[in-house]
Amino acid sequence: MNKNPNRAAICDVLMEQAAADKDIVVLCSDSRGSASLAPFAKKFPEQFVEVGIAEQNLVGIAAGLAKCGKKSFAASPACFLSTRSYEQAKVDVAYSDTNVKLIGISGGISYGALGMSHHSAQDIAAMSAIPNMRVYLPSDRHQTRKLTESLLKDSKPAYVRVGRNPVEDIYEEGNVPFVMNKATVLAEGKDVAIIACGEMVKPAKDAAELLEKEGIKATVLDMYCVKPIDREAVVNAAKKCGLVITVEEHSPYGGLGAAVSQIVAAEGLGRVINLSLPDDPVITGTSKEVFDYYKLNAEGIAACACENLRKEL
Amino acid sequence: MTENYKVLSYELRKQVVDMILEGNGGHIGGDMSVIDILITLYFRQMNISPVNQDDPDRDYLIMSKGHCVEALYVVLAKKEFFPIEKVMQEFSRFGSPFIGHPNNKLPGIEMNSGSLGHGLPVSIGIALANRMDGRKNRVYVIMGDGELAEGSVWEGAMAAAMYKLDNLCAVVDRNRLQISGGTEEVMAHDDLKERFRSFGWHVIEVEQGNDSDALNVAFEEAKRIKGRPAVIIADTVKGFGSSVMENQVSWHHHVPNDEEYAQIMKDFEERKEAARHE
């Protein structure tokens with residue numbers, strides 16, 4: 001099992017490029033450890049800004065740096081970054097169009113037992129609703145690396161959510177299909193389309209394997225780009241399958257499921273079932289315990305597919 | 001002959017009032033209190049013009065009290081960033097880029113603002129970037145006194161001192177009024193000097209905050225301070241320039257009627273003439 005969390009992959013890329021690119025600046029709000037960015041701070045102190053526990057300051061300062069040509073990466077727990085500094089994300093980053101990449105670490109329910117204050121089950125909805133803000137939830141460390149490399153090449157605002165714990169690889173090192181703002185097709189079947197993002201991609205992929213044993217062919221999309229969503233991929237999957245299941249570590253409102261539903265409904269292509277966290281404070285537990293409880297696992301996704309295809313697993 | 005900045009201030013005040021009349025809205029009281037700060041910065045202090053507006057060595061201004069954008073527009077027009085006629089015709093109109101708060105898609109405006117408490121942290125980022133790049137330029141941020149109730153201002157106050165940003169100068173337009181009443185009744189901070197000092201800032205108080213010469217002396221002092229940021233607390237008068245508006249809370253956001261307009265223009269003209277002979 002991979003021991004490198006996605007957040008560390010971001011640090012790796014920034015470390016590789018910071019020596020040659022002095023405009024890369026990393027900002028933390030007493031979060032360098034939890035963001036896996038302590039090695040960056042140590043190696044590149046001149047390109048690192050600590051703001052203390054002050055998320056509004058974090059994002060405002062990041063925007064000011066970007067105004068002067070810096071490539072700002074502001075990393076803070078997603079729960080705080082997507083709420084406490086929401087207005088700075090809206091005004092200083094998106095509206096002012098500054099080159100700030102907001103890195104929401106320990107996203108979703110990564111902080112499990114710490115409770116709702118530390119969960120960010122609303123971040124996709126919040127960030128997606130801001131004009132000129134992109135939203136990315138990479139699935140594994142290899143895709144996170146590709147995404148980070150790609151983000152370093154553009155100068156537009158973006159919000160990236162990564163989880164706290166290492167997750168199993170979806171892709172193989174050196175063989176990571178990645179096109180910016182295009183979903184990655186992990187399986188192609190005609191019976192059901194499973195569209196997932198972030199940590200839900202792995203159970204989506206596993207669910208397809210379970211369904212395969214039952215003779216059900218699933219299409220699986222890794223929709224790491226929740227905004228701008230890959231509309232074409234959604235349309236193709238819905239056209240092919242008719243039944244679409246979305247899976248996300250997020251509230252039922254305003255996330256991946258909502259975005260996919262809008263497209264499928266507008267095109268009149270089929271049904272969308274949204275598997276998500278509930279509209280409630282999430283039950284206490286580790287990520288795995290919580291996902292299992294809410295059936296956000298391979299078995300739950302497969303069962304949902306079967307039920308909706310009126311078949312028994 | 002040296003420019004008479006008082007005369008200029010009344011000419012520009014007239015434009016502000018006309019713009020607010022044309023656009024049927026605007027933060028007239030704050031425009032009148034802040035305009036001398038803007039004039040002093042743009043005409044006597046800052047290295048900024050349409051020619052060097054993209055030069056990384058330019059001086060930066062962030063208008064954190066973005067609602068007083070009308071005063072900023074007339075000063076930028078006077079600096080020839082855009083024609084004053086265009087602002088007058090388009091301010092607040094359908095589809096116009098001349099919005100009621102700063103819009104950085106316009107020349108001369110660095111950042112969008114409007115929500116209070118954003119400017120200081122943004123300015124800190126700009127000051128840090130310039131220092132990282134070894135530049136000698138300066139960064140200015142103008143905040144209102146009511147704005148200082150925003151917690152993010154004090155997050156910024158901490159960071160600016162921690163990073164010893166002596167290339168950063170904040171200005172507080174201390175006009176003592178906000179939309180609901182006197183600042184000391186809404187959220188008191190009459191110990192402003194002590195507050196900034198306790199955060200590690202160099203504090204300069206300007207008793208005549210609508211006097212460009214007095215402000216200019218303060219900006220010169222701020223430039224000499226090393227190792228910490230400076231804040232100029234400018235004791236201004238809200239609605240400065242006409243007895244109709246001065247120190248009147250109801251003029252925070254107000255469009256003058258015909259009678260008021262006539263009196264305001266008369267007052268401006270009289271004060272301008274007096275300034276011409278000072």
Side-chain angles (χ1 to χ4, degrees), chain A residues 18 21-30 44-74 76 80 83-102 130-133 155 157, chain B residues 53-64 66 99 101-106 109-135 137 139-141 143 150-163 165 167-168 199:
Chain A
D21 187 349
K22 290 293 166 196
D23 284 334
I24 293 174
V25 177
V26 170
L27 300 95
C28 285
S29 52
D30 198 21
F44 301 100
E46 304 298 318
Q47 288 165 261
F48 181 82
V49 179
E50 175 61 70
V51 304
I53 305 168
E55 292 79 14
Q56 298 181 75
N57 225 8
L58 176 84
V59 178
I61 293 174
L65 283 155
K67 173 71 199 166
C68 298
K70 301 297 175 191
K71 299 167 185 173
S72 296
F73 280 73
S76 184
F80 311 132
T83 54
R84 195 64 163 267
S85 44
Y86 188 56
E87 198 182 56
Q88 280 74 17
K90 174 187 158 198
V91 178
D92 304 340
V93 179
Y95 187 27
S96 290
D97 195 23
T98 49
N99 184 7
V100 177
K101 309 304 193 254
L102 298 166
I130 300 176
N132 197 35
M133 182 65 76
S155 57
Chain B
Q53 59 177 314
D54 296 319
D55 182 344
D57 287 314
R58 70 185 181 278
D59 290 335
Y60 287 75
L61 175 101
I62 300 297
M63 187 71 168
S64 195
I99 311 168
H101 287 100
N103 166 19
N104 72 347
K105 309 322 178 264
L106 284 170
I109 294 181
E110 304 283 2
M111 291 288 282
N112 292 342
S113 56
S115 175
L116 299 171
H118 286 236
L120 184 55
V122 167
S123 305
I124 290 164
I126 294 171
L128 277 169
N130 287 328
R131 191 168 71 187
M132 284 174 186
D133 292 343
R135 302 187 195 283
N137 50 356
V139 184
Y140 296 94
V141 54
M143 295 180 282
E150 291 282 5
S152 52
V153 171
W154 302 99
E155 291 185 8
M158 274 181 257
M162 158 108 177
Y163 285 103
L165 294 175
N167 53 348
L168 174 68
F199 275 77

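In this text, all values refer to a predicted model and were calculated from it rather than measured experimentally.
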Fill in: side chain to side chain donor-acceptor pair (under 3.5 Å) involving Lys67(A) - partner list, sequence neighbours excluded
Glu110(B)
Worksheet item: Of all heavy-atom pairs between Ile126(B) and Gly64(A), which one has the smallest distance, and what is that distance?
Response: CG1-O, 3.4 Å
Item to complete: Quick one: pull up CD1 in Ile62(B) and OG in Ser96(A) and give me the separation to the nearest 0.5 Å.
Response: 8.0 Å
Discussion item. I'd like to know whether Asp97(A) forms a salt bridge (Lys or Arg N to Asp or Glu O under 4.0 Å) with Lys105(B), so could you lay out the CA-CA distance, the side-chain angles of the two residues, the decisive distance to 0.1 Å, and finally the verdict.
Written reply: CA-CA 10 Å; Asp97(A) 195 23; Lys105(B) 309 322 178 264; 5.9 Å; no
Worksheet entry | Closest approach of Asn104(B) to Tyr95(A) (non-hydrogen atoms, all atoms of both residues) | OD1-O, 4.2 Å
Fill in: Leu65(A) to Ala129(B) - nearest heavy-atom pair and separation
CD2-N, 3.6 Å
Worksheet item: What residues, two or more places apart in sequence or in another chain, satisfy side chain to side chain contact (heavy atoms under 4.5 Å, CB included) together with Glu155(B)?
Response: Ala54(A), Gln56(A), Asn57(A)
Worksheet item: So with a 6.0 Å cut-off around CZ of Arg84(A), is the heavy-atom count from everything else above 12?
Response: no
Worksheet, complete the sentence: Applying a strict 4.5 Å limit to non-hydrogen atoms, the region of Val59(A) in contact with chain B is neither
Discussion item. Once rounded to the nearest 0.5 Å, what's the spacing between atom NE2 of His118(B) and atom CD of Gln88(A)?
Written reply: 4.0 Å
Practice prompt. Identify which part of Arg131(B) has an atom lying under 4.5 Å from any heavy atom of chain A, answering side chain, backbone, both or neither.
Written response: neither
Worksheet item: Which pair of heavy atoms, one from Asn112(B) and one from Val91(A), lies closest together, and at what distance?
Response: O-CG1, 3.7 Å
Worksheet, complete the sentence: Whatever's closer than 4.5 Å to a heavy atom in chain B on Glu50(A) counts as both
Practice prompt. With Met132(B) as reference, evaluate Lys70(A), Lys22(A), Glu46(A) under the side chain to side chain contact (heavy atoms under 4.5 Å, CB included) test and give the passing residue.
Written response: Lys70(A)
Response to the item:
Under 4.5 Å to a heavy atom of chain A? For Ser152(B) that would be both
Practice prompt. Heavy atoms only, distances under 4.5 angstrom: which of Cys68(A), Gly52(A), Ala63(A) has the most pairs with chain B? Name it, please.
Written response: Cys68(A)
Worksheet entry | Which atoms of Ser85(A) approach chain B - backbone, side chain, both or neither, heavy atom under 4.5 Å | neither
